[in-house]
Number of protein chains: 2
Amino acid sequence: MGRRRQAVTIRHVAADAGVSLQTVSRVIHNEPNVRAELRERVQAAIDKLGYVPSIAAQRMSGSRSYLILAINDRDRTIADWRARQGTDWVDQMLLGGMLECAAHGYRMIFELVDTHSAHVERELLAAIAALQPDGVILTPPHSDDPHIVEVLARQHIPFARIGSLGAGGGFSLTMDDAGAARTATLHLAGLGHRRIGFIAGSPEYALSTWRVEGWRAAMAEAGLATEGLLAEGDFSYASGEQAARALLEGEEPPTAIIASSDQMTLATLETARRMGLEVPRQLSLVSFDNTPIVRFTQPPLTAVDQPIAEISARAVDLLIAAKKAGEDAVPAAPVVVPAGLVERQSTAPPPGHA
Amino acid sequence: MGRRRQAVTIRHVAADAGVSLQTVSRVIHNEPNVRAELRERVQAAIDKLGYVPSIAAQRMSGSRSYLILAINDRDRTIADWRARQGTDWVDQMLLGGMLECAAHGYRMIFELVDTHSAHVERELLAAIAALQPDGVILTPPHSDDPHIVEVLARQHIPFARIGSLGAGGGFSLTMDDAGAARTATLHLAGLGHRRIGFIAGSPEYALSTWRVEGWRAAMAEAGLATEGLLAEGDFSYASGEQAARALLEGEEPPTAIIASSDQMTLATLETARRMGLEVPRQLSLVSFDNTPIVRFTQPPLTAVDQPIAEISARAVDLLIAAKKAGEDAVPAAPVVVPAGLVERQSTAPPPGHA
DNA sequence: GTGAAAGCGCTAACAT
DNA sequence: ATGTTAGCGCTTTCAC
């Protein structure tokens, strides 16, 4: 192979334009202290030669690496990928972030890190040492992992924590899970439902709790009781099945159920079907996530849409801004990208309602 | 922010182990000419200090960048992402390639490049100059773009061409599209179908043609005529609708249709429903792609499964091997990762068949 | 087998 | 406003 050198370097541009390296560098970075005339001359040389700075070299000289590291939970990501259930979290996260990166001359690198492992810290440090990213994006459950947060804070790398409100460094972004749960609950209450069940997600995720709280608050607001209407799942289909059964086989079953993930809602739908309950005539359903499959079920599901792509893009944007402005120029308060409720055909007034 | 230096460099390791930088480098790369004792000492220092080489520095000194660039068509990828139809091409491609990269200490970077643009070449060169990847993965339709292929060949960067058989550099990987179409056709013929229609994909993709050829050959093999049984689409839902109508509204409509993408098959299913044709009793359907949605349609679709993740992983593997062994150590013949046929409930014997 | 020296492409700090 | 200098962390000669 032989050592492949950069085809055209800053040196070629400098020679061509008849200026110093530093001037070229200034032009590249739009820095002041360059006469318009020179700037133009340099730019012309850059265009002519097709010069593009090497990010390796840029990183070497202590400036930015132009890399944003997006970290996801290994097990869950691989499981979703293998299952091919249409979960498009990775897709949304990657594209949303990637396009925003591209707009700023950055790249996004996806990395999987174990959750339940003693190596978490080492894995993360290895990725950071190897890549020297300018920013890191954490997703649940890593967003709330104290080890990870601490490592990043100690390294002084700007980082975003999606789906977290915890303290300890970096900045947070949420889709206002409580508000979303509230909206879903009030939507059902507005249709006349009085017994609205809720299937919670894994307690390992902070947002699971927020959603439950949002539901609880909305129920209180509507003057409805919540007793016997909460079941706990872990986002998976199997857990949804169990939770749905617990809810529907009770003495006073709910007439509507909100489940904290599409998989759990799918399980609830199937459970209802097996029990001879027609959706939405006899049971209304609202899902969380709004992954592609919910449009293909019978009936298509009303769902809270997680704006992952947008959150990812926002995170990138803020990270890059933070890098430019100095380490602590990150939002102090959590950034909220509100979720929307997409109404489809799984919700209707309860049986016997006018 | 201040210039962030590498926390622990090769120098620290060398000092800690009491050896030269060079010896550490040799240990890292498993090179010969190091006594076992020294090797151990160095390794111990590496572990102790948690040293991980900076890929920027590695790249700078002319060795590998440990980066593989995966290039996809911008328009199609963004359209798929926005549409949220459950197309998991990106997911499969990324995870498959990424995990293989990780196994070799590499990273995969995703990049979108325009197809129909005068800038293709410049976009690509910019990405290469910035990243200096050790290998590039091309997907259709870029795999057959002579400009791109030529640029890569000229730069002496090993590259993989997925879904291509064209010459001009790099190496090819396919899922044996002709064979897959043949399998699908014979499956239907075996059920007793004699009029098996085929909806082709965009002619811009070489594999579209291969699939048609596979179908044609299989039809001949089974002694069946193909006249009036071929319609052309472009992989999209809309085009599938048109093609399905053309096929089904003819004088002698097919009793089975193979469509070159899930979207087109979905469109065919819907068209059949509107015409009052029951699937699979009156019309059998076989799809291409096997994205998640085909399991959620009524009925679930029998489909040719595109082993994207595996192809992506193979491409990475071969690229890395090529880099190690020298530029031309790439497969001369196309690498075939055969597609499978996943039988579901959209195929049955034709009406009036014993 | 091991080490020392040179330099990759770029930028920060310091001249001028 | 522009140029010069000194590395960044690593690998590649080449010497021993």
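Computation of the quantities below employed the complete heavy-atom set of this structure, encompassing side-chain atoms and omitting hydrogens, waters and symmetry-equivalent molecules. Note on naming: letters A, B, ... go to the chains in the order of the sequence lines (proteins, then strands), and numbering restarts at 1 for each one. All values reported here derive from a predicted model rather than from experimental measurement.
Put simply, CD on B:Gln132 is 16 Å from P on D:dT11, counting in whole angstrom units. Straight-line distance from the NE2 atom of A:His29 to the C1' atom of C:dC10: 8 Å, rounded to whole Å. Taking atom CZ of residue B:Arg59 and atom C1' of nucleotide C:dC8, one finds them 8 Å apart after rounding to whole Å. Taking atom CD of residue B:Glu37 and atom P of nucleotide C:dT2, one finds them 9 Å apart after rounding to whole Å. We find that CE of B:Met60 is positioned 12 Å from P of D:dT11, with the value rounded to whole Å. With rounding to whole Å, B:Leu21 atom CG is found 9 Å from C:dA4 atom P. Atom pair A:Ile10:CD1 and D:dG7:P shows a separation of 19 Å (rounding to whole Å applied). Atom C1' of nucleotide C:dG1 and atom CD of B:Glu31 are separated by 13 Å, given to the nearest angstrom.
Heavy-atom minimum distance, A:Leu112 versus A:Glu123: O-OE1, 3.6 Å.
The 5' end of DNA chain D is approached more closely, in terms of each residue's nearest nucleotide, by B:Gln58 than by the other of B:Gln58 and B:Arg26. Nearer the 5' end of DNA chain C, as judged by each residue's closest nucleotide, is the contact made by B:Gln22, out of B:Gln22 and B:Ala57.
Annotation: side chain of B:Gln155 is in contact with side chain of B:Val151 (closest heavy-atom distance under 4.5 Å). Between A:Thr115 and A:Glu204, some side-chain heavy-atom pair lies under the 4.5 Å cut-off. Using a 4.5 Å cut-off on side-chain heavy atoms (C-beta onward), B:Val335 and B:Ser172 make no contact.
With distances taken from any side-chain atom of A:Thr9 to the nucleotides C:dC10, D:dC10, C:dT2, the minimum falls on C:dC10. Ranking C:dG3, D:dG3, C:dT2 by closeness to the B:Asn33 side chain, first place goes to C:dT2. The A:Arg11 side chain lies nearest to C:dG9 when the options are D:dT2, C:dG9, D:dG9. When each of D:dC10, C:dG9, C:dG1 is scored by its nearest atom to the side-chain atoms of B:Tyr51, the top-ranked nucleotide is D:dC10.
OP1 or OP2 of D:dT2 sits under 4.0 Å from a side-chain N or O of A:Arg35. Look at A:Ser61 and you won't find any side-chain N or O under 4.0 angstrom from OP1 or OP2 of D:dC8. A close approach under 4.0 Å does occur between a side-chain nitrogen or oxygen of A:Ser25 and OP1 or OP2 of C:dT11. Within the 4.0 Å cut-off from OP1 or OP2 of D:dC10, not a single side-chain nitrogen or oxygen of B:Tyr66 is found.
At the heavy-atom level, A:Pro53 lies under 4.0 Å from the strands shown only through sugar-phosphate atoms.
Between B:Glu100 and B:Arg314 there is no salt bridge, since none of the side-chain N atoms of the basic residue sits less than 4.0 Å from a carboxylate O of the acidic one.
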